[in-house]
Each structure stands twice: as C-alpha cells, then as structure tokens.
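Worksheet for the structure shown next.
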Amino acid sequence: FNSLLSLDTNTETICKPSRFIVLWSVSKDFGLSQARVAVAAVPENPVLKDALTSLSMSFRISSLVNSFFVAILSAGHPAPEQVTESGSRTTGLVGWFVEANMLRLYQAKERLWCWCTRHDIAWLEADAGQ
C-alpha cells in the first residue's frame, strides 16, 4: 500500500493531482464505528477544499469527541512505554491502542477457532490483518 499523499504527483502519476482526494476515518483505523470522525485531504484542489470546508461547519463533532481524538492522535502524548506480549515496545497512546486492539483481535480469533474446532466447522486461516 502506498498513500497518494506520499507520491510525487509530478513524476509518479498519470492523473491530474487536482483529482486526488484522500479520506481517512477513525471508525476504520481504530474500529470505532460510532465515532463518525473523518478527514479529507485535498492537496491540490483549492475549490473543492473550500467547498468541503464550508460543508464541514454543518457537521461539527462534540468537544468531548474532539478532545479524545486530539489526545489519541497527538504524537507527544505522555503515555508510558509498554512492552507487549510479542515483546515489542510501544510508546504513546496510539501505539498502546493499536497493540491492545491487535491482541484483542488475535484472542477473539483464537476463541472462534476453538469454538469452530469443537463443533467440527471448517474454517480458512486468515491471510491479512495479522
């Protein structure tokens, strides 16, 4: 995977850079489906950027949600360094959050695998997201 934002739009693409729109949401990256927080990056289309900005005023998020995501996404958040079960070290709240959710997903997969095995239900090993 390569983000459009990491490409040199003058040499690495054949599309007009003004047609690039990158969307990101916390609901997908952090599994928080009710958060309804998203970002649109429109690097080279000021008209579209202005239009989206004017629309965004109608869809403000609460100050509580805003504060929560500022804390999670801030690079210098003072969360302690932690050693995960896999032995890797994480720093900051985002690192902890990602590691904790990876562990929870793995544990859920193991519970489901055990249940399927006990009930003689065939299953396929996942090849992504591990």
Count I, L, V, M, F, W, Y as connected when their side-chain heavy atoms are under 4.5 Å apart, and connections chain through other members. Are Leu112 and Ile121 then in the same cluster?
no
Output for pair (Glu44 CD, Arg19 CZ), nearest 0.5 Å, gives 13.5 Å
Count I, L, V, M, F, W, Y as connected when their side-chain heavy atoms are under 4.5 Å apart, and connections chain through other members. Are Val47 and Ile21 then in the same cluster?
no
Counting only heavy atoms from other residues, nucleotides and ligands, does the tally under 6.0 Å from CH2 of Trp113 exceed 12?
no
Going by the rule side chain to side chain donor-acceptor pair (under 3.5 Å), which residues pair with Ser25 if we only count those two or more places apart in sequence or in a different chain?
Ser27
Rounded to the nearest 0.5 angstrom, the CD-OG1 distance for Glu110 and Thr117 is 9.5 Å
Inter-residue atom distance Cys116.SG - Arg111.CZ, 0.5 Å rounding:
13.0 Å
Side chain to side chain contact (heavy atoms under 4.5 Å, CB included) involving Ala51 - partner list, sequence neighbours excluded
none
I'd like to know whether Phe20 forms a side chain to side chain contact (heavy atoms under 4.5 Å, CB included) with Asn45, so could you lay out the CA-CA distance, the side-chain angles of the two residues, the decisive distance to 0.1 Å, and finally the verdict.
CA-CA 8 Å; Phe20 292 166; Asn45 189 331; over 6 Å; no
